[in-house]
Every structure is written in C-alpha cells, then in structure tokens.
Amino acid sequence: MNHLDLPALTRAAGTVRLPGSKSISNRMLLLAALAEGTTEIRDLLDSDDTRVMLAALERVGVGVTALGANTWRIDGCAGVFPIKDADLFMGNAGTAIRPLTAALTLSGGNYRLSGVPRMHERPIGDLVDGLLQIGADVRYTGQSGFPPLAIHPANVKLAGPIRLRGDVSSQFLTALLMALPLTGAEAVIEMTTELISKPYVEITLNLMAHFGVEVRRQEWQRFTIPVGQRYRSPGVLHVEGDASAASYFLAAGAIGGGPVRVEGVGRNSIQGDARFADALEAMGARIEWGEQFIEARAPVSGQLKAFDVDLNHIPDAAMTLAVVALFADGRCVLRNIASWRVKETDRIAAMATELRKLGATVEEGADFLAVSPPPALAPGVAIDTYDDHRIAMCFSLAALGGVPVTINDPACVSKTFPDYFDTLAEITAPVIAIDGPSASGKGTVAERVATTLGYHYLDSGSLYRLTALAAIKASVALDNEAGVAALAASLPATFAGGRVLLTDEDVTDAIRSEEVSAGASKVAALPAVRAALLARQRAYRRFPGLVADGRDMGSVVFPAAVAKVFLTASAEARAERRYKQLMAKGMPANMHALLKDLQERDARDAQRTVAPLLHCGDADLVDTTRLDIEAAVVAVMTIVKRQPP
Ligand code: DC
C-alpha cells in the first residue's frame, strides 16, 4: 500500500496559512445555489468534499464558475434547481449528501444520491424521517436508514412541527434548516433528543443569516423559520480558514515547542472547533488569540497536563486531542464522543487501535475513550488510516515524540486538506542551514550532505541569481526595488535534474555569468526582494528534511534549523580553489586579481546592512582551509549527527 514515512521530529515552529473551512465552504455553496442572485465565494476550500458539492450543483443546473484559485461564482437558482432529473455521486461527503437531500426533496424533481461504500453505512434515517413528516417522497434504494436514496416530486405540506432526532448527527438539523425556507411557509423543528455538536448548527444559522434568512431558536430545542423568507445573495463572501485543520498545527506547537501560528481563523471565528485551543490551554499550552490568527506554544514547564473533558462540542478536533494525550502527564479521558462511531470510519475503534500501536493503554466505551500515554512512543509504527483524513492528519503528530511514524494511504487527506503533509513539513521537517563566504565550497558540501541524508536541497543563491537574470531580461533596473521584488515573487523557475529553467529556457550556465553574479549581489541587498523570496524558500522545507545553503538561511528563513553551519576558508585558499576551477574550464585567470576580488567582496558582504555575511553565534564554524570536499562533508555530518535525533 502507498505510504508516507515521517521522520522522527523534535520541533515545530512557524506559520501556517489554513485552507478554507469545509463546513463553511459546503454550506455557502448550497446557500448560494439556492439564493436569488450571484454570489462570489472567496477562499473556498479545494478538496474532495467541496468538489463533490460543486459537481452536484452543476449537475442539477446551477451555474458554477471558477474565477481564480479558490474563488468561485455561483449563479443562484432562487430555490428551484433547473435540471429535474439527475444521478448524484456524493463520495463520502456528509456535508454534501445531507443538506442536498433535503433541498432536492423540495425541488420537484427525480434525483438519485449515492456514495462510496462507507457512505452507504453512514446513517441518514433521522433526516429522512423528518422529511417524510412533511410529505416528501424520499426512498431508500439500498438498506433502510442509509444511502443510496431516490427522491421524487411530492406535495410538501408543513402542518405541525417536524420532530427530529439530534443525537446521531447535527447535520440532519442543518440539512432541514437550510432547505425549509424553500417552502416559503412557516416551519418549526422540534428536537426529540439532546442535540450534539451544537456549534455546527451555529455555523448553519450564521450563514443562513448572511443570505437573509433568520431562524428563531428556543434553546437547542425548537427552531422556527418564519413565513415568507427566501435566500438572497449577499454578493461577495469569504470562507474562514478551517478550524478543524488548525487543530493539528496548534497541537504541533503545544507538543513541539512552538510558537506555531495558524492564519485564517481568530478570536471571532464562527467555527466551534476554534475552541480546540481552549482544550490545549487547559493542558498548559500557551495560546495567543488574534483577529485573524491563533498561536500555540508548549507549556512553560514543557509538560502537557492530563485531562478529563466532555468534547461533544468539538467532535472533529477532539481526535487531535486523543493524539495529544500521548504527550500528557497521565491518563486522559475524552467524553461524549459517540458520534465518532458514524463518521468516515468508526473513529472510536480506529483511534483505540492505532493509539495502542504506539504503546498507549486505551479503554474504549460506547461514547468515550481513555488514553494512558506510554513512557516512550513505539518507534517505526505503521498507522492505518481507514480512508479517514482526520486519522492520517492527527497521527502524524506522533512523530513529534521523536519517533519515525509511517502513515498508510496518506492521500486520504485530500478529503479536506490535500496539501496537509507539505504544510506540516513547513513547520516541522528538520533543516540544516549552511552559509559561508563565496568559494568556501558551501554549495558542493551542502549538496553532498543532502544526498548523504536523503534530504532535499535548496541553493538559495540561485534564486537571487534567477531574479537578477529575470530583471535583466525584462529590462527592469536592478535598483528598482518594487519592480525586481514583483519579478521575484512570481519567478517562473524550475529545478530539474541538475538544470535550472526560467520559463522553458535552460539558464543553468547563464545564472553563473559575471554579469548575473554581480546583479544577484545587488538585488540581494533589496529588502523587498528578500521578503518576496521568503515564502518560496520556506516551501522547500519538505519531509524527510532540507539542507539549505545561503545567507540568512539559519537566521531569517529557517531560524529553527536543527543544525547551522558556517563554512569558511582563508581568502588565499578560496582564491586558489577558484583559480583551479577556472583553469580546469580553460578560462583565463589571475591568482592575484582573484584574491583581491574575493577580499573586496568579503568586506562588502560583511558590511552591507541587509543580510550581511557573518558567522552567527549559534552556527558551528567549519574551517575548510586545510580540508578537501570529502573531509568538509565529514565535518558537517559530525555536527548534524551531534544534534538530538
Ligand atoms: O551563493 P551565490 O553566490 O549563488 O549567491 C548569489 C548572490 O546572492 C550573492 O551575492 C549572495 C546572495 N545571497 C543572499 O543574499 N542570500 C542568500 N540566501 C543566498 C545568496
């Protein structure tokens, strides 16, 4: 089976931009489709579950148009889907099949909804019971109580209150609430049981209000949609970052030191899962809330405290807490999580099985899980993921226990977060930063160290060289800071098989020319250019690790590098190396001129105010004056191995 080997991880720090919230994305898509007018939705999540919703809306005749990365235009159908007969495949997207089922029963057409085999094991009977009470024609075509479903036109009548169970999934209530305004009549829903996962219903009510429909709520017992309301597009809407996805990174910050900041959700989030940060705080983690971010750090003591809490309000983020429990100082109890049993998989059983593999002692009940952490995590465990994105994501955190972990079928994260592992790598993958003066041999040494370790390699100097070349080609003056920075931000560069391409042109040799070298040194002194290249450089941080070569790698770009090395050599030794290189290439060279040139460049580099060449206090010095490349690699590897695993 396809798998991902995560290396042992020791630290997590950095900033993550969250993908859009799944819960908000799919609700907004449906509400925009049902509304009068056109809605532009920005920062929509791009994942399996949102694609399922978009595809279904398109099949029933709703106009959906991509306007750019994660921006969509939805042409609302004012409550009446134009296409009256369709087969709809819902994958395993609960947030799509439930609300669509309700909306389609009120739409006067013939529709068939099905999904993956697991979807056909996930209950939908409470919703169907609710719909049957108002005269909808919806039938089970497989097993009673479960999809697949067939929907036919029917005369829907709202007489008394609709009586609905809320203890299996809150999505049944969400589905009815979103669909009932289509009737135009007053609609009342009365819960016949305790309602679980209430914050998700709050998201529903909040978004319905954005589309002009107010629901009167009496406690969590009775919901009234007043007569004559209809959805109207609010114009442009923006999807918050996914608070459930945020839980993995916040947990990483609490376990792996931090600070880890997630951007896209903040103190005013409408998502219940943002409260996950409170659960971490109760364990001793240090949490900071901003308008548009949440940040987590490990407790001052370094040790997370055990917990015994009711997690009914955050069922998804609670899974993350079950893995954080591996790092607590005692037995942790997660209560009131029965809904886990009917999610993507039976999550209580699956979590128990996988936590045990790591050495935890786990008790499993109908609606709770108790996790006692082992003294040390078992290394090299292979985690099964049950086609459940959240199991894959939350168990990746176990690697922060300093043990390698294998994640089977890692691609299942595409349900809600296709780039999850790359994003995790950007705050956790080990980085070795190597700097040093020109001709110190750092490039060659860094590349060999990367090969030895099986790590990725970033030659940051080549990005400055490429920027200079792109500016020269585009006739942008090298001191035009904004102009050059704009080029740097969208550099069409690719590195493939030892060659460097700019758009489609091979520029491997061109970026080494004297003109470009001098240009690189100029553009590298412009702060806006350095800022423009920052995110691009950080994106090179991937599993299993990265060797990054160049100025400011250890100070600015990867300050949390596990090893920092400053490679140097006497100016004479470097001049001699350069001389030999040029002679070998059959190029004219003058030893004296080379030495003078290097000395001048060192002085200029050391004095410049932006990213000067200097040996930072926290970098290990390797003097290669008397070392050949082989010996220099050995010296660097000794430093790397000295770091904690
Ligand atoms: O390492 P190199 O010679 O390829 O670097 C080209 C230029 O870019 C050189 O003037 C140093 C500068 N540079 C920088 O300022 N910061 C980096 N991270 C890498 C290179």
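Each ligand, and each atom within it, is numbered from 1 in the order the structure gives.
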For R601, all residues meeting side-chain contact (heavy atoms from CB on, under 4.5 Å), sequence neighbours excluded |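 Testing R601 for side-chain contact (heavy atoms from CB on, under 4.5 Å), a comparison that skips the adjacent residues, returns S438, R604.
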
Name all residues meeting the side-chain contact (heavy atoms from CB on, under 4.5 Å) criterion together with A382; count only those two or more places apart in sequence or in a different chain, and write none if there are none.
-> T406, N408

Ring-ring centroid check F417 Y248, cutoff 6.0 Å =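 Centroid distance F417-Y248: not below 6.0 Å, so no.
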
Test item: R51 side-chain N/O and D46 main-chain N/O as donor-acceptor pair under 3.5 Å =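 Not confirmed, R51 side chain does not pair with D46 backbone.
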
N/O contact list for ligand 1, threshold under 3.5 Å:
residue, atom, partner, partner atom, Å
ligand 1, 1 (O), K442, NZ, 3.2
ligand 1, 3 (O), R465, NH2, 2.9
ligand 1, 4 (O), R465, NE, 2.7
ligand 1, 4 (O), R465, NH2, 3.4
ligand 1, 15 (O), R530, NH1, 2.8
ligand 1, 15 (O), R530, NH2, 3.3
ligand 1, 15 (O), R608, NH2, 3.0
ligand 1, 16 (N), R530, NH2, 2.8
ligand 1, 18 (N), S460, OG, 2.9
ligand 1, 18 (N), R551, N, 3.2
ligand 1, 18 (N), R551, O, 2.7
ligand 1, 18 (N), D552, OD1, 3.4

Side chain to side chain contact (heavy atoms under 4.5 Å, CB included) between V622 and L627, worked out = CA-CA 10 Å; V622 174; L627 303 180; 4.3 Å; yes

Who passes salt bridge (Lys or Arg N to Asp or Glu O under 4.0 Å) against D602, sequence neighbours left out?
->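 Salt bridge (Lys or Arg N to Asp or Glu O under 4.0 Å) list for D602, sorted by chain: R574.
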
